[in-house]
Structure formats: C-alpha cells, structure tokens
Trainee: 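There's a structure below that I have some questions on.
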Amino acid sequence: MAAPLSTMKFWKPGSEAPGISEERELNSETTGSPIVFNPHTALSIEKQRQKLPVFKHRNNILYLVESYQTVIIVGETGCGKTTQIPQYLLEAGWAAEGKVIGVTQPRRVAAISVANRLAEERGALLGHEVGYTIRFDDCSDPHATRIKFLTDGMLVREMMSDPLLKKYSVLMLDEAHERTLYTDIAIGLLKKIQKKRRDLRLIVASATLDAKKFHDFFNLNESGDPNKDTCGILTVEGRTFPVDVFYTSCPRLCEGHSGDVMKIHETEDDGDVLAFLTGQEEVEKVVSLLQEQARTLSRYGMKKHLRILPMYSGLPYAEQMKVFERAPTSVRKIVVATNIAETSITINGVVFVIDCAFVKLRAYNPSTAIESLVITPISKASASQRAGRAGRNRPGKCFRLYTGMCECAIDRRSLPVFLLPLLCSSEEDFEKLPASTVPEMQRTNLAPVILQLKALGIDNVLRFSFLSPPPAQTMVQALELLYALGGLDHYGRLTDPMGVRMAEFPLSPMFAKMLLESGNFGCSKEIVTIAAMMQIQNIFVVPPNQKKAAAREHRKFAVAEGDHLTMLNVYEAFIKHQKSSQWCQEHFLNYKGLLRAVTVREQLRRLMNKFKVPRTSSEGDPDVILKCIVFGFFANAARIHHSGSYRVVFNEVVQTAKYYMRDVTAVESSWLVELAPHFYKQAKHGSLASKRSRVL
DNA sequence: GAGCACTGC
C-alpha cells in the first residue's frame, strides 16, 4: 500500500473512529503523507495492484460481466476483489454516461474504510470519483461519484426512491456469504429488478460454500443448455497463511480456556492469542482467571509478560481500543472476545486462535413472538472463519474445544438433546456441524421486512423470491401485527397514509406507529426522544470493577414509571449538561451512544415534520407519554403474575437462561383495551385477555 | 439485584 494518506480528516463526528476495522488497522501502521501527485508513487501503486491475486483474472472478470447478467465471484480473503474489481469496471467503461458502480458492505465501518482505501489508491479526494453512503453520512457526489460504497441497508432504502436503481450499471454485493438480513433482502429485490433491467449487472462476492446456491438462484436459464446460462462463477485464490487445526477437549471451559492459553504461552513461539467465547460474562470470567494466573507466572519470573484484554460490543469504547494497540515484543497479547472478532473486527498479530466452537445466536419463535438468544454450535463456515483469524500475518494455529463449552456456560442437564452428540471432542464432531449458519432472514421477526417489501411494491410477500424462504408462520405473524398496527388493510395492502409513512421510518413498525401518533397524544417531543434513545445499546456503562458505583449513578436517573421515562431523563440531563463527555463519564453513561441518540432524534424529527406530526409536549404529565407508548406497543404487553395488577409493555424480550424483558414500562390494563380494542377484550372478571396468546 | 451475540436503515 504505497502513498498512504492520512485518512483521519475524512472522519466526521459521530462516525466510527479508526481502529475498529481491519482496513483501519492497516492504515494505522503507515504514516500519513500529503496529497501530492507523484509519478513514482503512482507507478508503485500500479505495481502493487498487479501483485494482487485478483489481477490475473482481470480480463476474465470483465468478460464474464459482459456476457452474464450475474457473476458469482468466490474471492478468498486478501485477494483484492473489493478494491480492484470496481476499478477494472471503471477502466472498462462501466461508469460511462453518468452511471455508477455500486459496492455494498454489511457494515458501516467497512463501507467507509474501503472507500477511503480506494480513494487513496487512486490519489483522489474521497467523495468525488470514489465515495460512500451510509446512514447519517453521505460522502458522495451525485454528479461526480463513479464508484460508490454503501451499506446493503442503504441500498434497500435507495430502492424506495429509485425502484429500478437506474443510476447503477453494476452492483457488487460484497460479503454476501454472511447472509445478513439486508443482503438477503437486496438479493431478492435485485433478482426482480434484473428482469426489468437486462442491462444491470450483478456481482455477488461470496465464499466457496454458497457459490452454487447463489448461482442456482440467479441463473434464469431453464433450457438445461449451459451455453444459455445467465449466471457465471469465478474463483479467485486468496492470500492467507496456512492455519493448523488441533482438537482438544477440556473438562471445563474456563479452566480449559485459560489452561490452553497458558500452554500456548509456555510452549509456543511469539504471536498473540485470540480466544472466542459466547458472551460478555464468560469473557470477563476468563479474563480475570487469566490475569490471576499471569500474576502468578510473573512472580516466578517468566521472561515474557502477558497482556490480557476483553473484547465485546458492550465494552466502553476506550477499552475496546486497547486490543488494537501493538504490544512490545516482550509482551504477548491475549484477546478474549465474543463473536465480534469473527467478522466485525480484525486484530493484527494474531497467530493462535482458541475456539470454543459455540456462538450466541438470535432465534425467533413466531407463536410467542419472542426473540431469544440461544447458545448454539457454530457452523463449519464459522469455524474456518475463526481459524482464519490466525493466518493473516503468518502461519498460525487454531485450537478447537468442543467439550468444555457446554460444561461451563450451560448446565449440562438443560442442554437441548441435539447438542449432546457434541459433548465429545474430535475431528469427527467437527464433521457433524452444519455447513453454514442459518441465515438471519430465517431467525428474525419479519414485521419490519414485510413492511419494507410492501412499500417497495411487493404485493404478495409470501411468493417473494427469497434466497432462503423464512418460516411461513413467521410471515403470517408479521402480517397480523402489521394489520393490528394499521399499516396493512384487510387485504394485506399497504395503507395510505399510515402504512406508507410507517415504512419510511428507519425503525421497527411499532416505533413508527408510536411516533406518528404522538402528536395526537400531545407528547411528540418526549416520544421522539424516547424512540431515539431506545435505538442505542448500552447507554448505561458498567465497568466490571466499578459495578456498585455505576449502579449508584444510574439509579439517579431511574423513575417509578419505568425504563422509557428513565431514558427520557438521561437524554434531557445530557442536553442540560451541554452534551459533556466529562459529565457522561462521571455518571457512567455512554457518551458516543448519547451523541448518536441526538443524531437519530434529529432524523426522526425530520421525518415527523415531513408527515406534519404536531410538535407537542406533555409538560411533565407522564400518563400521556405512557398511553402513546401503549398505542405502538400494545402487542408487547405482559403481566408479571396471574393475580398481580402490575402490567407492563416492553420493547423486547430476551431469553437467556430465563426470559428477560428489556425497556419495560408499567401501564394500566384498561389502556390496552381502550387503545387497542381490536387486539384485546375485557374479560368478565375484569382481567385482561389477549385475542392471541401473547400474555407471558 | 442480576441480566443482555452482532449488525443495519
């Protein structure tokens, strides 16, 4: 990577800071240089480009894009596909006549950093020829931008204003094998668009395993004659180092994990260690165990020291940044992480991976409408992705522990039967794992998806061509909810204006409904704040070593009515203290999160103005706010106990070992009947009955 | 008083 420019100046407030993404990490190792055209540098950039594995496929790629409507590119890590293919297309004239080459990424940081790298490589200022578009940050020029990176969610949004995506000549869906919700939605919609736009070219960048599935999905040739295929496949080899895999079994995970770490530390050469666990609690537990052992070791005068660091998304920002710091040669870095380290971040210098072979995954139960987090064995695809984290810089080693996990994290007796065969550990057990992870589309609440599809003119969502169709019951349940919210009519058609407006909000339908009605309840100012706050995770920061102090500070914001008004309190206090980061630190609040809440609130406010929702304030009366929340969230009502009068509405339910409700507020049961008579009926004895079995 | 994989509009 020659002539690296300082990319920091392109970062805007509110966007993710450097260090989180793999590309950032690469940049941080080089020093900044001024933006001056230098023919020698240009030459060396050209040489660098030609060294990438994808380069020798250049002509073939261009030929395939010319001949097929869709091309599946199996591009392994480090082959250069993301930055090079858009440039080949540009050079071959695919961005002529004002057309744009679009490249989607599942994550915001990836879109920004890849755009940065490409602009750098082309000696261009970001936002002109090369740009990016993500929510809250559009760094592209509608006239000048030829190569545009965007999140796949953003692409789906663009379809709402430009249903045929007319400005694009080619779209490349990167990391399609991850099968995120929005990638899958985009894939289904693009297949439909292709039928109307024969000139639109699609490149799907995927891992080996899924190539055939993608090919069969996009190939419109039914003649059986391969010469008439509309979809081609090309494989580009990667540039990674071999990783040896070892299978070990340990009686208990935590001891097992720390034991293996110590074994590596004592017997293996230099190189950092990355250990995968399933959740925050486990991570903290293993970190403290290791720190204890490291202290013992240093007392015995081990030459090399250990630096043990946790990594998970709920970790305060400054703590997260520590894992990207390069350790001195006399120190071995050990990162204990959740699944965040599988795809979202890359830590340089990792040579050893320890994999518990489990992951916490979202699952959705349509009959109860409960989303839960379930500890599940990982797929083979996931396992090799994790192992690959050891081979980025030089040959590495991966240790898989299949037994210990269950013993430690979950009570063996509570294990689902299908997990029991996994309790012995060997290579054969690895063979029993599913080939790939169930796509998000098949394990999520579909109400937001269906609302979006309806808004995009997909009338019969049950017949939409999903790459992996979701369970029919989940779809029916989502349709029912959308009908109850007034977003769909009797025939399942989008209502105008309610349904149309709900779909425009970048929120789940319940939030949209609550916002759109808040003016009539006389509390739109408060509701927009509450909705914005509920989009932010981990507003309350709890450092593991300061749990009590944090709880003490957090209690100051708590109110009896519940979490919604508590969050309103936090936001208003944050504004009152001039959005001070110092103030946030003193009260154990997530400063970056609160800043994001301000931005989200602004976006929601704009949409509400667009739909002429009156600006009203409850002036301190909590009841109107609570009633308005009920008007959106009536379907999420619960009572604590049969005989109890304590009733609540909640934002979501999370199942771990037990059921936990998040963002809970107490309400009067009579409100449910009053505000959602179509959903609830008052039973004779005064208790409340749901027309569906939704009472927990 | 403990409890919460990871993204995205």
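What you see below is based on every heavy atom in this structure, not just the backbone, and it leaves out hydrogens, waters and symmetry mates. In what follows, chains are A, B, ... by sequence order, proteins preceding strands, each numbered from 1. Since the structure is predicted, the reported quantities are computational estimates derived from the model, not experimental observations.
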Trainee: Using whole Å, report how far CD1 of A:I340 lies from P of B:dC4.
Mentor: 17 Å
Trainee: For A:S468, enumerate each residue passing the side-chain hydrogen bond (donor to acceptor under 3.5 Å, both in side chains) test, keeping only those at least two apart in sequence or located in another chain.
Mentor: A:R179
Trainee: Consider the side chain of A:R107, meaning its heavy atoms from C-beta on, and name the nucleotide among B:dC4, B:dA5, B:dT7 that approaches it most closely.
Mentor: B:dT7
Trainee: Among B:dC9, B:dT7, B:dG3, which nucleotide has an atom closest to any side-chain atom of A:Q537?
Mentor: B:dT7
Trainee: Could you tell me if A:R392 and A:T346 have a donor-acceptor pair between their side chains, going purely by distance under 3.5 Å?
Mentor: no
Trainee: A:S344 has a side chain; which of B:dA5, B:dT7, B:dC9 sits nearest to it?
Mentor: B:dT7
Trainee: Kindly point out which of B:dA5, B:dT7, B:dC9 is positioned nearest to the side chain of A:Y182?
Mentor: B:dC9
Trainee: Are A:Y317 and A:Y591 an aromatic pair, judged by ring center distance below 6.0 Å?
Mentor: no
Trainee: Nearest to the A:T151 side chain among B:dG3, B:dT7, B:dC9, which nucleotide is it?
Mentor: B:dC9
Trainee: Does the side chain of A:T338 get closer than 4.0 angstrom to OP1 or OP2 of B:dC6 through an N or O atom?
Mentor: yes
Trainee: B:dC6 phosphate, OP1 or OP2: any side-chain N/O from A:S313 under 4.0 angstrom?
Mentor: yes
Trainee: Quick check with a 6.0 Å cut-off and a 45 degree axis cone: is A:R386 positioned over the face of A:F276's six-membered ring?
Mentor: yes
Trainee: Does a side-chain N or O from A:R555 land closer than 4.0 Å to OP1 or OP2 of B:dG1, or not?
Mentor: no
